[in-house]
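Counting convention: from 1, in listed order, for ligands and their atoms alike.
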Amino acid sequence: MPDSLSFELARMAQEIDSRFDLLLTPPQDSRRTLYEAMRHAAIGGGKRLRPLLVTGSARLFAVEPECALRVGLAVEAIHVYSLIHDDLPAMDDDDVRRGRPTLHRAYDEATAILAGDALQALAFEIVSAEATHPDPFVRAELTGALAAAVGPAGMVGGQAMDMAAQQLAQDLGMVTRLQQLKTGALIAFSVEAGAILGRVAPDGRTRLRAYAHDLGLAFQIADDLLDAEGDPQSIGKATSKDAAAGKATFVGLLGVDRARMQARLLAEQAKEHLAGVGREADLLRDIADFAVDRDR
Ligand code: GRG
């Protein structure tokens with residue numbers, strides 16, 4: 001990984017941690033446990049890749065860094081909520097996440113459900129607040145686009161398809177569609193958010209959308225490869241769960257070697273969509289490589 005990307009990842013991790021720390025100060029009343037649970041899930045750990053994508057795309061349009069950081073924080077709050085709910089016994093029933101006990105293990109199921117719900121609401125509070133952008137039309141577009149990326153036509157819809165897929169015959173088209181919603185929609189929002197903040201009209205976002213499409217798939221294939229053959233210690237969660245659960249994965253359909261080739265191809269293709277853009281797109285290029293070369 002280039003030094004510049006390690007630096008950006010470390011700086012983003014610090015930034016997100018300190019912002020969650022400020023926002024989630026436990027009150028002196030009976031909500032204390034809820035706040036502590038939200039802190040357990042949101043602070044420390046995680047690559048913070050989605051906030052970095054918002055920053056990376058915002059750089060192309062000279063967006064105020066504070067605006068991009070706030071949107072990145074909102075996206076990370078949604079991501080953490082999805083991880084908490086995905087780990088619940090009713091879903092993946094996982095015990096370890098980001099190297100720590102999952103939230104329902106550290107606390108209890110009801111607290112984990114509420115902490116996820118609260119993080120989702122917090123994300124919309126952050127993104128729609130005036131501090132995120134002075135233009136109310138920009139804030140409204142961000143809010144609507146985030147809701148679409150998270151809802152039934154986005155991440156939650158993808159999760160529902162994933163659960164149903166375990167009972168169905170699986171093919172590449174179906175897995176691609178499912179993963180585009182489950183993982184790809186929030187990644188695509190993160191990339192597009194920079195353009196929304198920069199007031200770029202939708203027809204000026206075509207190449208950025210193509211980059212996000214290929215990156216999202218490459219990222220998911222790499223995630224499948226890590227589940228199949230990664231080290232649970234460095235990934236911070238149990239591995240080899242997908243095949244055992246009969247999950248629809250790229251590795252299951254393509255095999256390890258073809259899946260690795262496909263992920264690399266998609267990362268290269270993602271970078272090609274940025275051809276002609278100057279050094280200001282280097283962070284997005286580095287993220288495309290990192291998405292497939294990572295070990296966690
Ligand atoms: C339960 C509402 C609900 C949604 C679940 C996105 C999702 C849908 C679940 C997350 C679980 C999962 C393993 C998804 C596949 C890929 C993925 C999003 C991996 C985790 O993202 P990373 O690698 O994690 O960015 P860190 O911990 O680094 O933030």
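Between L49 and ligand 1 there is no heavy-atom distance shorter than 4.0 Å.
No more than 12 heavy-atom neighbours from other residues, nucleotides or ligands sit within 6.0 angstrom of CG on D3.
For the salt bridge (charged side-chain N to carboxylate O under 4.0 Å, His left out) with R105, the lone residue among D95, D93, D94 that qualifies is D95.
If you look at R48 next to ligand 1, there are no close heavy atoms at all, none under 4.0 Å. The part of L83 lying near ligand 1 is the side chain, judged by heavy-atom distances below 4.0 Å.
At the top of the distance list for atom 2 (C) of ligand 1, counting protein heavy atoms only, stands Y81 OH, 3.3 Å.
Among the atoms of R98, some N or O lies under 3.5 angstrom from an N or O of ligand 1.
Residues D289 and R294 are not paired through a salt bridge, judged by the lack of any N-O separation under 4.0 Å between the basic side chain and the carboxylate. A salt bridge does not link E15 to R11: none of the charged nitrogens lies less than 4.0 Å from a carboxylate oxygen.
Comparing heavy-atom distances from atom 7 (C) of ligand 1 across G157, A291, G154, S82 singles out S82 as nearest. Of the options K47, H79, Q179, the smallest heavy-atom separation from atom 20 (C) of ligand 1 is shown by H79.
Under 3.5 Å, the side chains of T132 and R139 contain no donor-acceptor pair of N or O atoms.
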